[in-house]
Amino acid sequence: MDFQPDLGLAAFREEVRAFLRDNLPEDLAGRIRIGTRSPRAELTRWQCILNEKGWGAPYWAKADGGTGWAVLQRLVFDEECTAVGTPSQDTGAQKLLGPVLNAFGTPAQKAEHLPHILSGARQWCQGFSEPGSGSDLASLRTRAVRDGDQYVVNGQKIWTSYAHRADWIFLLVRTDTEVRKQAGISFLLVDMKTPGITVRPIVSIDGCHHLNETFFDNVRVPARNLVGAEGEGWKITKFLLNNEHATAADLPMLRRCLTQIRMLATRRCQGGNVLLERHEFALQLARFEAELAAIATLVQRVAALEQDHSPAAHAMGSILKIRGTELLQKMSGFLADALGDYGAVAYPIPQEGDAAAALPMQEVGRSVANEMFFRRASTIYGGTSEVQRSIIAKSMFQL
Ligand SMILES: Cc1cc2nc3c(=O)[nH]c(=O)nc-3n(C[C@H](O)[C@H](O)[C@H](O)COP(=O)(O)OP(=O)(O)OC[C@H]3O[C@@H](n4cnc5c(N)ncnc54)[C@H](O)[C@@H]3O)c2cc1C
């Protein structure tokens with residue numbers, strides 16, 4: 001691969017920066033939520049602005065109404081948005097469901113759902129995991145039984161991020177119990193307003209409510225909401241999970257975290273000296289810089305493999321996921337330590353107009369503890385580190 005600076009990419013970065021400078025409303029800047037989705041109104045407002053520009057779906061092909069950007073362009077876009085703290089997009093709908101609908105959806109399903117994803121009017125959640133079926137997803141038991149032109153769904157999902165705010169859910173269900181477990185799974189789209197759905201909150205260690213248990217009690221779903229054929233759910237899931245390996249490390253967030261550490265290095269004093277003058281601090285900062293540079297190089301490599309549709313992207317993506325999430329956990333812990341007293345205070349939901357926000361150090365500190373807690377989950381969601389290691393090991397045998 002070529003490590004020379006890509007001049008086209010530099011020009012694209014300038015274009016994104018200029019767009020953000022001119023179009024990101026002041027009251028939406030710096031509104032990034034650490035690892036979590038922005039409030040609905042902000043997300044929709046920002047999505048509308050992006051959509052007007054033709055940037056509503058950075059992960060889709062041009063033919064499907066997306067930007068048609070190459071992997072590295074998408075990374076640049078994510079990085080620049082993270083740097084200025086734009087609201088989030090509905091990543092489940094953008095990165096997971098959108099590509100699935102574009103590849104497997106009927107014309108009617110595309111017409112019904114894609115415009116609402118682009119406009120941000122309809123938000124989605126992902127109903128895959130169940131109690132006892134997380135890593136071993138194919139063992140899932142939520143049942144869907146065909147009854148005329150409907151499916152009747154019964155069962156329970158867990159860890160359903162943002163189910164309490166979602167309009168629709170994309171759901172894995174068991175439609176056949178007599179065949180091999182993977183072959184009995186189907187992929188359904190369900191309106192969250194359908195009678196029989198109950199959402200119960202799970203408050204996580206960061207003190208926030210973004211996770212839920214979701215129960216289905218005789219929920220009647222039109223059969224036209226089945227994506228692909230009955231029993232094709234596993235094939236579709238493999239397609240969905242095999243996307244976007246280069247983003248597995250969350251490089252924009254790693255860069256943001258490092259910027260905060262660098263900022264503290266020269267601004268926070270302990271014992272009369274700025275932190276950077278402390279040998280251990282400077283050494284650790286240098287280690288983070290080196291690790292991040294290595295990950296950034298690996299991201300480029302995975303992006304190149306992905307662009308070439310190389311199967312190696314899968315295992316390399318797993319390496320990235322492990323290295324990236326472990327580094328983010330280390331850096332967010334280090335940041336909390338470096339903040340001392342300021343880092344010891346958790347602010348579950350940063351309050352607007354908080355008097356403390358006017359003080360620069362509190363401004364940094366108010367989200368740091370939450371970030372540190374939230375990132376404990378990063379080696380679990382999106383596939384645990386142990387599962388990623390199994391993927392890497394299996395790929396070695398295939399070489
Ligand atoms: C913050 C967060 C958000 C999430 N959002 C969603 C969501 O929106 N929708 C959704 O469907 N799910 C979501 N999940 C669920 C997530 O996908 C699962 O937590 C994950 O797949 C692990 O499954 P599990 O929790 O059942 O753990 P288990 O699979 O029970 O694993 C428990 C432990 O055993 C290890 N283990 C399991 N199998 C193996 C194996 N074969 N070899 C070695 N070790 C193994 C695991 O690594 C782990 O350490 C979310 C999870 C978190 C933490």
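All ligand and atom numbering here is 1-based and tracks the order in the structure. The figures here come from the full heavy-atom set of this structure, side chains too, leaving out hydrogens, waters and symmetry mates.
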Just verifying a value: how many Å separate Q126 CD and T91 OG1, rounded to the nearest 0.5 Å? 9.5 Å

Please determine if E386 has a nitrogen or oxygen closer than 3.5 Å to a nitrogen or oxygen of ligand 1. yes

Among protein heavy atoms, which sits nearest to atom 9 (N) of ligand 1, and what does the distance come to when rounded to 0.1 Å? Q126 O, 2.8 Å

Looking at atom 46 (C) of ligand 1, tell me if a protein heavy atom falls under 4.0 Å from it. yes

Give the ring-plane orientation class for F128 versus F170, where under 30° counts as parallel, over 60° as perpendicular and anything between as tilted. perpendicular

Look at atom 42 (N) of ligand 1 and say which protein heavy atom is nearest, naming residue and atom and giving the distance to 0.1 Å. S390 OG, 4.4 Å

Heavy-atom protein neighbour under 4.0 angstrom from atom 32 (C) of ligand 1: no

Determine whether K53 and D22 satisfy the following criterion, salt bridge (Lys or Arg N to Asp or Glu O under 4.0 Å), listing intermediate values before the conclusion. CA-CA 12 Å; K53 165 78 175 164; D22 298 342; over 6 Å; no

Counting only non-hydrogen atoms of the protein, does one fall under 4.0 Å from atom 14 (N) of ligand 1? yes

Between W60 and Q94 (side chain of the first, backbone of the second, donor and acceptor by atom type, cut-off under 3.5 Å), is there such a pair? yes

Distance in Å, D337 CG paired with Q284 CD, rounded so as to fall on 0.5 Å steps: 10.0 Å

Donor-acceptor side-chain pairing of Q89 and Y59 below 3.5 angstrom: no

Under 4.5 Å between side-chain heavy atoms, counting indirect links through other Ile/Leu/Val/Met/Phe/Trp/Tyr residues: same cluster for V387 and W234 or not? no

For atom 51 (C) of ligand 1, the protein heavy atom that lies nearest, with its residue and separation: Y381 CB, 3.8 Å

Pull out every atom of ligand 1 sitting under 4.0 Å from any heavy atom of F128, numbered as shown with elements. 11 (O)

If we count only N and O atoms by modelled type, under 3.5 Å, do the side chains of T379 and T325 hold a donor and an acceptor together? no

Tell me the closest heavy-atom pair linking Q270 and R268, and the distance in Å. NE2-NH2, 3.7 Å

Is a side-chain donor or acceptor of K321 paired with a backbone partner of S378 at a separation under 3.5 angstrom? yes

Does any part of the side chain of Q156, heavy atoms only, come nearer than 4.5 Å to the side chain of E130, both counted from C-beta? no

With only distance considered, is S161 within less than 3.5 Å of ligand 1 through an N or O on each side? yes

Could any protein non-hydrogen atom be found less than 4.0 Å from atom 37 (C) of ligand 1? yes

Of the side chain and backbone of L137, name the one, both, or neither that has a heavy atom under 4.0 Å from an atom of ligand 1. neither

L211 heavy atoms, cut-off 4.0 Å: which ligand 1 atoms fall inside? 1 (C), 2 (C), 3 (C), 4 (C)

Give yes or no for whether the N/O distance cutoff of 3.5 Å, strictly under, is met between S135 and ligand 1. yes

Would you say T384 has any N or O atom under 3.5 Å from an N or O of ligand 1, going by distance alone? yes

Which heavy atom of the protein is the closest neighbour of atom 53 (C) of ligand 1, given with residue, atom name and distance? A377 CB, 3.8 Å

Shortest non-hydrogen pair, Q123 vs R165, comes out as OE1-NH2, 3.9 Å

What residue and heavy atom of the protein are closest to atom 21 (O) of ligand 1, and at what distance? G134 C, 3.7 Å

Closest to atom 50 (C) of ligand 1 among protein heavy atoms sits W159 CB, 3.6 Å

Got the closest protein heavy atom to atom 16 (C) of ligand 1, with its distance? S129 OG, 3.7 Å

for atom 20 (C) of ligand 1, nearest protein heavy atom and its distance come out as I380 O, 3.8 Å

